[in-house]
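Below is one structure; the comments refer to it alone.
Below, read A as the first sequence line, B as the second, and so on, with proteins coming before strands; counting in each chain starts at 1.
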Number of protein chains: 2
Amino acid sequence: MNATPRWLNPEQQAAWDGFIRMQEKLIGRLSRRVQADSRMSPADYIVLAKLTEAGGRMRFMDLTKLVEWEKSRMSHQVARMAKRGLVAKEECPDDGRGSFIVATPAGREAIEEAAPVHVEHVRRLFIDALTQEELDTLARISNRVLAHLEKQPD
Amino acid sequence: MNATPRWLNPEQQAAWDGFIRMQEKLIGRLSRRVQADSRMSPADYIVLAKLTEAGGRMRFMDLTKLVEWEKSRMSHQVARMAKRGLVAKEECPDDGRGSFIVATPAGREAIEEAAPVHVEHVRRLFIDALTQEELDTLARISNRVLAHLEKQPD
DNA sequence: ACCATTTGGTTGATGTGTCATCCAACTTAG
DNA sequence: CTAAGTTGGATGACACATCAACCAAATGGT
């Protein structure tokens, strides 16, 4: 029972609030744009991108780990994408439980069309806002936080 | 039709990837923690926090603007929160269409219990990962991106 | 007074993320 | 060989976000 919780000091609060606001607006804008001009959700985009980047054919669990998602999420996502014809599922002969996820031609076409547009938006909304030095700093800070998170329990 | 799309250079790519990864993991961890030990979603948390911070009684649209959400989102959210007894809706005498959102005692109790825990997690997962100088830098960068976004069409 | 527009807010459909649970197939200790 | 444990993956329930459409009350111009 902590009698007096240690609130954040003004600078800390400013950093946290600013970061949260920025991240929400940025991600929001970007995903709306991606969705609007490629008819793909950000989830579709990243899954297809990683999948094709890796050759267009992967074991389900490998893909899940590559994208760093939970398997349930990927399972649902792949099911939806399969329904829309972006990927297909194939059985795995080596492992009776396993399955391969394959990018369909339609899927390849979709990602090839979407990728440059995506990059342009990232550039326009984010990269162009900052100097190269600021980008480097942000990368360093991000990696610091990531490393910290990995050390931290749960 | 852009013949050769300008991909990001390695430093830009590293900054973007790092930021995205960091933000996903951080937000993910935090919202799981909040949910786990307060039985409130991040959405519940922020709505209740802003609402009580503003006195615990607000016009629906003022609250919506304060939280910077779309009204539809807030409408659904408030409906769910009302169902769970965290807030209540009251009619507005001045404006026949309007309504007030009021934090119930249960809502106040919930947020007062959740807030210190939330702060502790923010501190543990984020603040403690960085020096004060890095926090300041991040705040500056965030505000830069935010300002840039506001100038940018759509 | 009247019509057009704006504002406040709801609703329903659809897509998405999480959790818990389940099951079949593989692996390994004994 | 068999039982126990682990892994690959699916599923259903639920909370959440977004979009488009809608409606009624307020407002403003004529």
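Residue B:Arg84 places its CZ atom among more than 12 non-hydrogen atoms of other residues, nucleotides or ligands, all under 6.0 Å distant. The number of heavy atoms from other shown groups lying within 6.0 Å of CD (B:Glu109) does not exceed 12. Counting non-hydrogen atoms of other residues, nucleotides and ligands closer than 6.0 Å to CD of A:Gln152 gives a total above 12. Counting non-hydrogen atoms of other residues, nucleotides and ligands closer than 6.0 Å to CD of B:Glu11 gives a total above 12.
For the pair B:Asp62 CG and C:dG8 P, the interatomic distance rounds to 8 Å; values are reported in whole Å. A straight line from CZ of B:Arg33 to P of C:dC19 spans 11 Å, rounded to a whole angstrom. The nearest whole Å value for the distance from the CE atom in B:Met61 to the P atom in D:dA24 is 18 Å. Taking atom CZ on A:Phe100 and atom C1' on D:dA10, their separation rounds to 18 Å, with Å as the unit. Note: CG (B:Asp94) to P (D:dT27) measures 10 Å, nearest angstrom. Remark: P of D:dA24 and CZ of B:Phe60 are 18 Å apart, rounded to the nearest angstrom. If you take CD of A:Glu91 and P of D:dA10, they are 12 Å apart, rounded to a whole angstrom. The interatomic distance linking B:Ile27 (CD1) with D:dC16 (C1') rounds to 16 Å, in whole Å.
Among C:dT18, D:dC16, C:dG17, the nucleotide with an atom closest to any side-chain atom of B:Arg32 is C:dT18. Relative to the side chain of B:Asp44, the nucleotides D:dA26, D:dC16, C:dG17 differ in distance, and D:dC16 lies closest. Distance from the side chain of A:Arg97 is smallest for D:dT7 among the nucleotides C:dG8, D:dC16, D:dT7. The B:Arg59 side chain lies nearest to C:dG8 when the options are C:dC19, C:dT16, C:dG8.
Salt bridge A:Asp17/A:Arg21: absent, no basic N to carboxylate O contact under 4.0 Å. Using a 4.0 Å cut-off between charged side-chain N and carboxylate O, B:Asp37 and B:Arg33 make a salt bridge.
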* Could you please spell out the steps behind the side-chain hydrogen bond (donor to acceptor under 3.5 Å, both in side chains) verdict for A:Gln77 and A:Arg80? => CA-CA 5 Å; A:Gln77 181 66 28; A:Arg80 285 182 303 249; 2.7 Å; yes
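Heavy-atom nearest nucleotides on DNA chain D were determined for B:Arg84 and for A:Cys92, and the one closer to the 5' end corresponds to A:Cys92.
As judged by a 4.0 angstrom heavy-atom cut-off over every strand, B:Lys83 is placed among residues making no nucleic acid contact. Residue contacts for B:Thr64: at a heavy-atom cut-off of 4.0 Å it reaches no nucleic acid atom on any strand shown.
If you check residues 68-78 of chain B against DNA chain C, the residues with a heavy atom closer than 4.0 Å are B:Lys71, B:Ser72, B:Ser75, B:His76, listed by number.
Distances shown here put every side-chain N or O of B:Arg39 at or beyond 4.0 Å from the OP1 or OP2 atom of D:dA15.
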